[in-house]
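Below is one structure, written out as structure tokens; comments come after it.
In what follows, chains carry the letters A, B, and so on, assigned in the order in which the sequence lines appear, proteins first and then strands, with residues in each chain numbered from 1. All values below were derived from every heavy atom in this structure, side-chain atoms included, with hydrogens, water molecules and symmetry-related copies excluded. If you're wondering where the values come from, they're calculated on a predicted model, not measured in any experiment.
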Amino acid sequence: MFRPVEGSVSLPKLEEEICRFWKDRRIYEKSLSARSGAEEFVFYEGPPTANGLPHPGHCLTRAIKDLFPRYRTMRGYRCRRKAGWDTHGLPVEVEVCKELGIHSKEEIEAYGVEPFIHKCLESVFRYTKEWEQLTERLGFWIHLDDAYVTYHQSYVESVWWALKNLFDRGLLYQGHKIVWWWAQGGTALSAGEVGQGYREVADPSVYVRFPLVDRPDTDLLVWTTTPWTLPNNQFVAVSPTSDYAVVEDKTLGRRLIMAASLLDAIKNKVGHEYPKIHEIISGRELIGRRYVPPFDYYYNRDGSTTGHLRIDQAGRATRNMYYQNDCRFDEDRSAAELEEEEDYVAWRILPGSFVTLDTGTGLVHEAPAFGEVDYDVLLRQQSLFTEGEGPQLINAVAADGTFTPEAPDYQGRWVKDCDRDIIRDLKDRGLLYHQEQYVHDYPFCWRAEEDPLIQYPRRSWFISTTRFKEKMLANNRRINWLPDHIRDGRFGNFLETNVDWALSRERYWGTPLPIWVCEETGHMEAVAGYDELLAKPGMRGTDVWEKARKVNPNLPDDLKVHKPYIDAITYDSPKAPGKRMRRVSEVIDCWFDSGAMPFAQWGYPAQAGSQTHFAEQFPADFISEALDQTRGWFYSLLAISRLLFSPDGPDGEQDRPEVRPEVEYPHPFRNCIVLGLMLGEDGGKMSKSKRNYREPQVIFDRYGADALRWYFFANQPPWTSIRYSEQSIKECIPEFLLRLWHVYSFFVIYANIDGFDPAASISGDSISGAVGQLTADVLATGDGYRPVSQRGELDRWILSELNRNAATATERMDAYDNHGACGQLAEFVDALSNWYVRRSRDRFWSGEQSTDKTDAYWTLYECLLSTCKLIAPFVPFLAEAIWQNLACEAFCGRAIESVHLCDYPTARPDAIDETLSGRMAQVREIVSLGRSARMGAKLKVRQPLPLVEVVLADATHQPWLEEHVGLISGELNVKRVEFTQKADRYITHTVLPDLKRLGPRLGRRLPGLRKLLAEADGGKLLAELKAEGRITLELPDGPVTLDSADIQVRMQAKQGWAAAQGRSSVVVLSTELSDELVAEGLARELVHAIQNRRRELGCEFTDRIAVGVVTRSGEIQDAMGQFREYIMRETLTVEIGSEPLAGSQPAELKLAGHPLTLYIRKRGQNYFSGNCRSV
RNA sequence: GGGCGCAUAGCUCAGUUGGUUAGAGCGCGUCCCUGAUAAGGACGAGGUCCCAAGUUCGAGUCUUGGUGCGCCCA
């Protein structure tokens, strides 16, 4: 006996029970231990931050992260899943600041760094409980107890190890980074914060003359909207591919150079006459020309300074780089001359691909200190000179936003306030050509609304990633990205434009940058561990941590490697006796933390066992996150891995520290599913305040986790940006989950009625009686189990479908295509429910215990068991629920205790019968057409018809079909099915060309042939083809000969028949009704009415009834007479009469227009026993 | 401004190497079934495959341009 299945199932309730079951029985752990020694399938968890509540997007990520490990485990791999938490970073600090009602760094320092990071720590784990609950409820199996945590000492030390490696190899260096700077607050703002503060403002827009050095009568006309940056001018950039005009300004009496296309616009603005254009020259020709900048603070000193140019490997001096690959070389110089080759360091014209010609003059003022693009220009220039001889960054502005003594005229004044005076000064000196207001968006501090931000250089630490660009690209090319356009698109492009990784952050809550500097000499050392630090000579400062610990004994030990405690630790400088080594103040970008997880999750290399763990779990086979991680985690993983774990370093690296393991590309991940972003129900961004999505917990409570999972997996490929839809989640239930559930419930009902009990006859192994996974081999030992080849067509067909689907689902899942796999599974469940069970119902109802019936049970049982396994990775709860009943409970614990410990079903090729699939598809088409024809003729299925005639386009399967007309006649309620070849009375034939074949052969003659065939008499052509084996058609440009493979025949039903046409057949109904057929139809109507009444009266399946039908209709009386037994059998009627029944409520009805009164009375159940159908 | 992606039925989405009649679910309409039953099923209506040009015998599919939307970066 199987445990009876409740008809209306509450999936959420069921799932919660299964959650408990998995936990109690430690099924996840068992799924791992069962695979000990097996090949590893390596999964990396990208660590989420638990300082906010999880939303539906996180559910998608976590669902996908669960699916493939589950699947691979069932496929025989061992897949460890270590959870992780990202704990550092600015977002955490911002949350805490919000909480404390503070904002600036000064306020944080006033509050105290120590209590501040305690708050950060608290905040990071605020929602851990919610995250863990969600993880478990969603069925995401992962080791939460064993999670790696980025602030833990072992993790931090692992990150330090990596940084020390980079530092010692010269790949970690200090440089400048241009940031959006809030001068009044003394802090840089993150991109997100800057984005919030844009406002439209009017700034001065000035056109300034920069005289050329070699042509003192000619000026560059330069445009800028930040006059205050002019004292720091270092270069002028032009567009090398555009034309520039040299014009005479009559009013001024000088020549001006400006973009040719802007000439008119400028002339109109200024109102000057330009009587003559002297010359049109390309921007390229301007490059290298020197000019005199408007302020001489630096020019006085360095205006004539030159530096040696760098000699490249080909022995060429490179100067004035136009573009990356478009340099000017001095080819005809000798080596000695090249060594001497020099150029002026600054105040030259340079190429700039960023120069646009929509506004301004086409000549752009460059002040590298105050613009990111400008700064890149400086870096590029520096790279052209021998180390140390190129242009240096000049900066006459202090961090508080005031001019330094280097600009004595404006010293001590806020830069923006100086705009007016600078303009006046230019005017006085005659350099100002034109001035106006320029309205544009400019960022302000989101906290102090009156403070404009400025771009400003800050000392910062960088990792030399650009030196690995080609190597990262090579690695990237080997990664299997899904969708694959990420590889060469978004991610590849990002790598192509790689800039050195700005690693340091002037913040508080993060992994401290492990670099100690000598206070005297500036000598620097990287430290890879806390113990290493303690062992340094003259180490002092651990007392700060010890004191804190005494005050608060609950402080986690891990905090000691964080600010402010780590900052207190100093040691003796090896370079200057008596001086101290002190840590730099910065923490690092938290993306470095998460990108280090492949090794840092194990505390590699210091932690015991980490070497082995790392070697076994690197690289990952599979990772998945959403698209927004392209420049985040995906990049940090790849960059760090490439810098550390490949044998070849950057060009020129020598004596590189040994690192193991060194791994072939791709690493650190081989397959990566990039998930689409999830939108709210309204198509907008998901937002808590807009309430445009339903919280995951509500979804779990209403529909369950399987519904949500199936919605994610089956509705679209995972990289689609989906619009989250509660309705769609809900619909997954009837479309898939409930459909399967009903098949399962149907099986259990009838198996119990018929006493189908596989456990009774399957003994399992001789000692324990274990039956394991109840594979087909095990089932084959059961009573009455017959080889599939001996069973009927329907059974063979569904088992063929089962195996076909197992094969395809496996193939799809191996290719990381969950959407394709789900399509297959849904199709199978549909076939099982809507064709196999539907067409087999009679077999299960039949009274006697026949072989055919037993076959049906074994077939359906096997299908259900295999389906459980097939769907287990997708909808683990439903799969488990069915498995528990059909396998575990039925076999009283002799079966394997969870479906998730089973092997994924593999297809048995011998069970797949493609021919049978094709035939059954044809049967289903015929039935569908038959129904369509019935609809057209308004003949309901209850009315039996004498005959249906089927015209097949291709008679190959006809003999088989003739043997299986029962499927058709049963479904269509017709007495006879005939296949006819002489179908001319019903149909006309159209002959169509096979385009795929004829297209290449006929080319442009094809349209002519198509026209000819469309107009021809199809029947005649076919007759000719049959007689001759080919047909020849006369086209205007010559004859064309076609054989049977060149054409396709389409049939069309003629008017006047109850017919319907499909791709391969036409179905014609015979609509002549004999009296007997009409009577039978009436009998079925009566059965229908009685059954309805039974339901209304609340009869059980097995209840027997007495029926009274009172009617004056002779037709109904006749039908009752003729089909008395049929009616009684179908409705479990033990007495039927034409009189009212005492004590029963009469029901007034109309049957096909005939009025009648129906009386029904329940009878005792003890008349019969056993199967209610076997009357 | 640059990069990437998306645009197919009222809605949410599929659409395999270009091929004859572009599909599914929901919703809608008509109906069937009523012993899987607070389910299930069939049939039908509904499409300028965003627009334009090109390649081709043939384009939802390939190319180019445009429009709209999204994301990332400036």
Side-chain angles (χ1 to χ4, degrees), chain A residues 5 7-8 191 353-354 356 358 372-373 483 485-486 488-494 496-497 626-628 630-632 676-677 679 683-685 711 714-717 719-725 727-728 730-732 734-736 738-739 741-750 753 819-820 823 826-827 830 833-834 837-838 841 844-845 927-936 938 940-942 971 973 990 992-1010 1014 1048 1050 1060-1063 1084 1087-1089 1091-1092 1094-1095 1099-1102 1130-1132 1172-1173:
Chain A
V5 177
S8 60
S353 54
F354 50 85
T356 57
D358 359 308
E372 214 175 334
V373 175
H485 62 72
I486 299 286
D488 298 320
R490 193 178 275 238
F491 196 73
N493 285 338
F494 176 59
E496 288 285 357
T497 57
L627 186 65
D628 54 2
T630 312
R631 284 147 197 260
L677 295 168
L679 304 170
K685 213 176 157 141
Y711 163 69
N715 271 20
Q716 62 282 310
W719 47 84
T720 310
S721 289
I722 53 168
R723 193 184 282 205
Y724 184 73
S725 152
Q727 185 60 28
S728 301
K730 190 179 173 181
E731 282 163 9
C732 291
E735 277 168 30
F736 183 73
L738 214 50
R739 188 170 289 170
W741 185 268
H742 280 132
V743 175
Y744 156 62
S745 138
F746 175 90
F747 169 80
V748 168
I749 289 170
Y750 287 99
I753 287 171
H819 178 247
E827 195 182 292
D830 181 68
S833 166
N834 287 327
V837 169
R838 187 178 164 84
R841 273 194 287 218
F844 293 104
W845 295 339
V927 167
S928 171
L929 291 171
R931 274 194 283 255
S932 176
R934 267 189 176 273
M935 286 292 288
K938 294 200 186 305
K940 52 170 69 173
V941 180
R942 265 197 293 269
E971 194 64 25
N973 192 20
T990 311
L992 293 168
D994 185 317
L995 297 174
K996 244 177 182 163
R997 252 174 90 95
L998 294 174
R1001 204 165 96 199
L1002 295 178
R1004 49 183 70 249
R1005 298 177 68 199
L1006 192 56
L1009 176 71
R1010 289 182 76 173
Q1048 288 176 12
R1050 185 134 311 156
Q1061 64 203 1
R1063 284 192 180 273
R1084 288 188 61 146
V1087 166
H1088 172 57
Q1091 299 285 31
N1092 271 347
R1094 275 182 67 112
R1095 273 245 315 288
C1099 290
E1100 299 293 327
F1101 292 173
T1102 46
E1130 288 296 316
T1131 56
L1132 293 190
C1172 60
R1173 297 283 307 183

[X] has an atom [atom1]; how far is it from atom [atom2] of [N], in whole Å?
| X | N | atom1 | atom2 | answer |
| --- | --- | --- | --- | --- |
| Tyr724(A) | rC11(B) | OH | C1' | 18 Å |
| Leu1006(A) | rG18(B) | CG | C1' | 14 Å |
| His1088(A) | rC32(B) | NE2 | C1' | 9 Å |
| Arg739(A) | rA24(B) | CZ | P | 13 Å |
| Ile722(A) | rC69(B) | CD1 | P | 22 Å |
| Glu827(A) | rA14(B) | CD | C1' | 13 Å |
| His485(A) | rC72(B) | NE2 | P | 16 Å |
| Leu627(A) | rG3(B) | CG | P | 17 Å |

Exercise for the section: Could you label the plane-to-plane angle of the Trp741(A) and Tyr744(A) rings as parallel, tilted or perpendicular, counting under 30° as parallel and over 60° as perpendicular? Expected result: perpendicular
Problem - Parallel, tilted or perpendicular, as decided by the 30° and 60° cut-offs, for the rings of Phe746(A) and Phe844(A) - result: perpendicular
If every non-hydrogen atom of [X] is compared with every non-hydrogen atom of [Y], which pair is closest and at what distance?
| X | Y | answer |
| --- | --- | --- |
| Arg934(A) | Asn973(A) | NH2-O, 3.2 Å |
| Gly676(A) | Ala626(A) | O-CB, 4.5 Å |
| His819(A) | Pro717(A) | CG-N, 3.7 Å |
| Pro993(A) | Arg1010(A) | CG-CG, 3.7 Å |

So [X], base contact, sugar-phosphate only, or nothing? Heavy-atom distance under 4.0 Å.
| X | value |
| --- | --- |
| Leu1009(A) | nothing |
| Asp628(A) | nothing |
| Thr497(A) | nothing |
| Pro734(A) | sugar-phosphate |

Per [X] side chain, nearest of listed nucleotides [options]:
| X | options | result |
| --- | --- | --- |
| Asn834(A) | rG40(B), rC13(B), rA74(B) | rG40(B) |
| Arg723(A) | rC71(B), rU12(B), rA36(B) | rU12(B) |
| Tyr750(A) | rU20(B), rA42(B), rG35(B) | rG35(B) |
| Leu992(A) | rG5(B), rA36(B), rU20(B) | rU20(B) |
| Pro1000(A) | rG19(B), rA14(B), rC26(B) | rG19(B) |
| Glu731(A) | rC26(B), rC4(B), rC43(B) | rC26(B) |
| Asn493(A) | rG41(B), rU20(B), rG3(B) | rG3(B) |
| Glu372(A) | rU37(B), rC43(B), rA74(B) | rA74(B) |
| Pro717(A) | rC43(B), rU20(B), rA14(B) | rA14(B) |

Taking atom [atom1] in both [N] and [M], what distance in whole Å separates the two?
| N | M | atom1 | result |
| --- | --- | --- | --- |
| rU8(B) | rU37(B) | C1' | 37 Å |
| rU16(B) | rC33(B) | P | 39 Å |
| rG46(B) | rG35(B) | P | 36 Å |
| rG27(B) | rG44(B) | C1' | 14 Å |
| rG29(B) | rG66(B) | C1' | 40 Å |
| rG2(B) | rA45(B) | C1' | 46 Å |
| rA59(B) | rG54(B) | P | 12 Å |
| rA24(B) | rU67(B) | P | 35 Å |

Problem - Test item: Ser728(A) side-chain N/O and Tyr724(A) main-chain N/O as donor-acceptor pair under 3.5 Å - result: no
Problem - Heavy-atom donor-acceptor pair, His1088(A) side chain to Arg1084(A) backbone, under 3.5 Å - result: no
Within less than 4.0 Å of OP1 or OP2 of [N], is there a side-chain N or O belonging to [X]?
| X | N | value |
| --- | --- | --- |
| Arg942(A) | rC33(B) | yes |
| Ser728(A) | rC11(B) | no |
| Thr720(A) | rA14(B) | yes |
| Arg490(A) | rC4(B) | no |
| Gln1048(A) | rU20(B) | no |
| Arg841(A) | rA36(B) | yes |
| His742(A) | rA39(B) | no |
| Arg631(A) | rC71(B) | no |
| Asn715(A) | rC13(B) | no |

Please name the nucleotide paired to [N] by Watson-Crick or G-U wobble geometry with both distances under 3.5 Å, or report none.
| N | result |
| --- | --- |
| rA59(B) | none |
| rC49(B) | none |
| rG68(B) | rC6(B) |
| rG40(B) | rC32(B) |
| rG27(B) | none |
| rU20(B) | none |

Completion exercise
Result for 5'-nearest mapping on RNA chain B, choosing between Leu995(A) and Ser932(A), is Leu995(A)
Exercise for the section: Assign each of Val1087(A) and Tyr711(A) to its nearest nucleotide of RNA chain B by heavy atoms, then name whichever residue's nucleotide is nearer the 5' end. Expected result: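 Upstream on the strand: Tyr711(A).
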Problem - Any N/O donor-acceptor pair, Ser833(A) side-chain to rA36(B) base, under 3.5 Å - result: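 Donor-acceptor pair under 3.5 Å: yes.
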Practice task
Kindly indicate whether the side chain of Asp628(A), heavy atoms from C-beta on, has any atom under 4.5 Å from the side chain of Leu677(A).
Solution key: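 When only atoms from C-beta onward are counted, Leu677(A) and Asp628(A) do touch, with a gap below 4.5 Å.
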Exercise for the section: Mind running side-chain contact (heavy atoms from CB on, under 4.5 Å) on Asn715(A) and Ile722(A) for me, showing each step along the way? Expected result: CA-CA 9 Å; Asn715(A) 271 20; Ile722(A) 53 168; over 6 Å; no
